[in-house]
Amino acid sequence: LKLQFLYFIETHNLTKKRSTVLMGYTVQVKTGDAVHNIDAEDGWSIPEFKKAIEAKLGIAASDQKLTVGGKVMKEAKNLADFPAAAKQPVNLISSGAPKAAAASSGGGEGKREQVDQLFTYIIKMVEENKQAQEFKDKYGKELPDTTELQEALGIDGVESAKKKALDEMTKVLEGDWTPFDVYVGPFRTFAQKVLGTDIEEEKRNKWIEQAVSMALKKLTEYPEVEEQITKHTKPGSNLIQQLIPVAKILMKRAMNLFLDGASPKYADHPKFSDQMRLLTVTAVGAVMDVCCDCLEDGKAQCQELMAKLCGVIIEKLTEKMPEYTTLFAFAGPMAVMQMINWHEEFEKSIKGKTWDA
């Protein structure tokens, strides 16, 4: 049977059994804007499928993160367990550069290409977004002048900003967070001009409360997301309510780090960039940890739910802004895979320590 027939059977609930008599077929694999055809064999496991991708694209199987239809393609599964692959491309996010590129460029070209595509989409989205333009027309004169900030950052126009952001974010994705040390100074100076140099504790706490209220209000616009969360949590668990205090702590740490600079509390991470990365990994890990505790099957279910929620959010955003379908489909799976990696790092090196200080 064709994989398309399996998809039809699955989505219409005509049977819960999966066919095991698949012949050879082609699966599309998407990397950024490029779509590649991978010839698959009957009964392949996901590791075997990854090997085929490695042979064609030069991306090591161990570096591949695959999702399709909002689901993570786990190693223990078979290709036939993901009938959605017959209807849409499999999204491939690589945690390393393709072998050929790594040999010629030090391993950065793969990530740089991904970041370049992402920034291009974002810039286009902002330029074409009617709400952003209306906001600019209405409040443009009230917004603070950013001329000095742009000069301090060495930016002259959109293309200049894109190139600089591309250079620095490529470094960050490769593990070098030091660009944050260079740019935090000008940004902090700009923030102090707008907000003042002495922002007391009470005002910071007020901002955090306002941000949480706005986030909860925004969540009500996506009842499908809340429905997915409620559907999978343990009886009596309220994931959103349990996340709120964690979110407040993390937001407070982020605000203090940006406004006050690197904290002496984290002596093993003395630089701003060190603490920025530590905070990012901690935030993702702590939030996912709360999710794991609220779910029946823990970590495995948490990762699967993340992929499902990503799919739901992409679907809803695409309905509202269909012109940015490519951006959402590209950035969503990338974010999910990065969060999974950071959660694993959190479990190994941060969990159990006083991260909420």
Side-chain angles (χ1 to χ4, degrees), residues 30-32 46 62-75 77 90-96 110-111 114-115 117-118 121-122 169-177 180 215 218-219 222 224-226 228-229 232-233 239-240 242-244 246-251 253-254 273 275-295 297-317 327-353 355-356:
K30 187 173 183 179
T31 56
I46 295 304
S62 59
D63 290 335
Q64 296 174 30
K65 301 290 187 180
L66 305 176
T67 63
V68 67
K71 294 182 179 180
V72 178
M73 301 180 78
K74 300 177 183 178
E75 297 277 321
K77 297 282 188 177
V90 171
N91 291 293
L92 166 60
I93 303 300
S94 171
S95 58
K111 286 182 171 30
Q114 288 183 336
V115 178
Q117 292 168 350
L118 184 59
Y121 290 136
I122 291 174
M169 285 306 298
T170 302
K171 294 178 183 177
V172 171
L173 287 175
E174 292 174 341
D176 178 8
W177 287 56
F180 285 106
K218 195 68 178 177
L219 184 62
Y222 299 93
E224 298 86 355
V225 174
E226 192 166 0
Q228 283 284 345
I229 293 173
H232 296 284
T233 51
L239 178 58
I240 302 300
Q242 289 183 241
L243 282 174
I244 289 175
V246 175
K248 288 180 179 180
I249 291 171
L250 294 167
M251 290 169 68
R253 262 188 65 178
S273 58
Q275 294 192 15
M276 182 71 183
R277 187 185 185 284
L278 176 65
L279 177 58
T280 302
V281 176
T282 301
V284 172
V287 169
M288 287 188 66
D289 238 33
V290 173
C291 295
C292 290
D293 290 341
C294 289
L295 297 173
D297 297 327
K299 182 178 177 181
Q301 189 180 4
C302 178
Q303 294 182 357
E304 184 177 350
L305 181 58
M306 280 178 57
K308 285 183 178 180
L309 289 176
C310 177
V312 171
I313 292 171
I314 289 174
E315 181 181 344
K316 293 304 171 184
L317 289 175
L327 170 62
F328 301 140
F330 174 69
M334 177 190 289
V336 170
M337 294 308 171
Q338 185 60 71
M339 289 171 69
I340 289 173
N341 290 338
W342 280 337
H343 182 222
E344 292 175 353
E345 182 178 344
F346 172 82
E347 289 184 312
K348 292 178 182 177
S349 58
I350 301 174
K351 186 176 181 178
K353 297 181 181 180
W355 60 264
D356 58 345

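No experiment lies behind these values; they were computed from the predicted model shown.
- At a threshold of 4.5 Å between non-hydrogen side-chain atoms, the residues Arg253 and Leu278 count as touching.
- Distance CG/Asn91 to CG/Leu66: 9.0 Å, rounded to 0.5 Å.
- Using a 4.5 Å heavy-atom threshold, the side chains of Gln64 and Leu92 count as touching.
- Shortest non-hydrogen contact noted between Val246 and Ala286 is CG1-CB, 4.1 Å.
- At a threshold of 4.5 Å between non-hydrogen side-chain atoms, the residues Val90 and Thr67 do not count as touching.
- Counting only heavy atoms from C-beta outward, the side chains of Trp342 and Arg277 approach each other to under 4.5 Å.
- Across every non-hydrogen atom of Trp177 and Ser273, the tightest pair is O-CB, 3.0 Å.
- Looking at heavy atoms from C-beta onward, Lys65 lies in side-chain contact with Asn341 at the 4.5 angstrom threshold.
- Considering CD of Glu345 and OG1 of Thr282, their distance stands at 8.5 Å, rounded to 0.5 Å.
- Among all heavy-atom pairs drawn from Cys291 and Leu239, the shortest one is CA-CD1, 3.7 Å.
- When side chains are defined from C-beta on, His343 counts as touching Asp289, because their heavy atoms get closer than 4.5 Å.
- Two residues are said to be in side-chain contact when any heavy atoms from C-beta on lie closer than 4.5 Å; Val287 and Leu250 meet this criterion.
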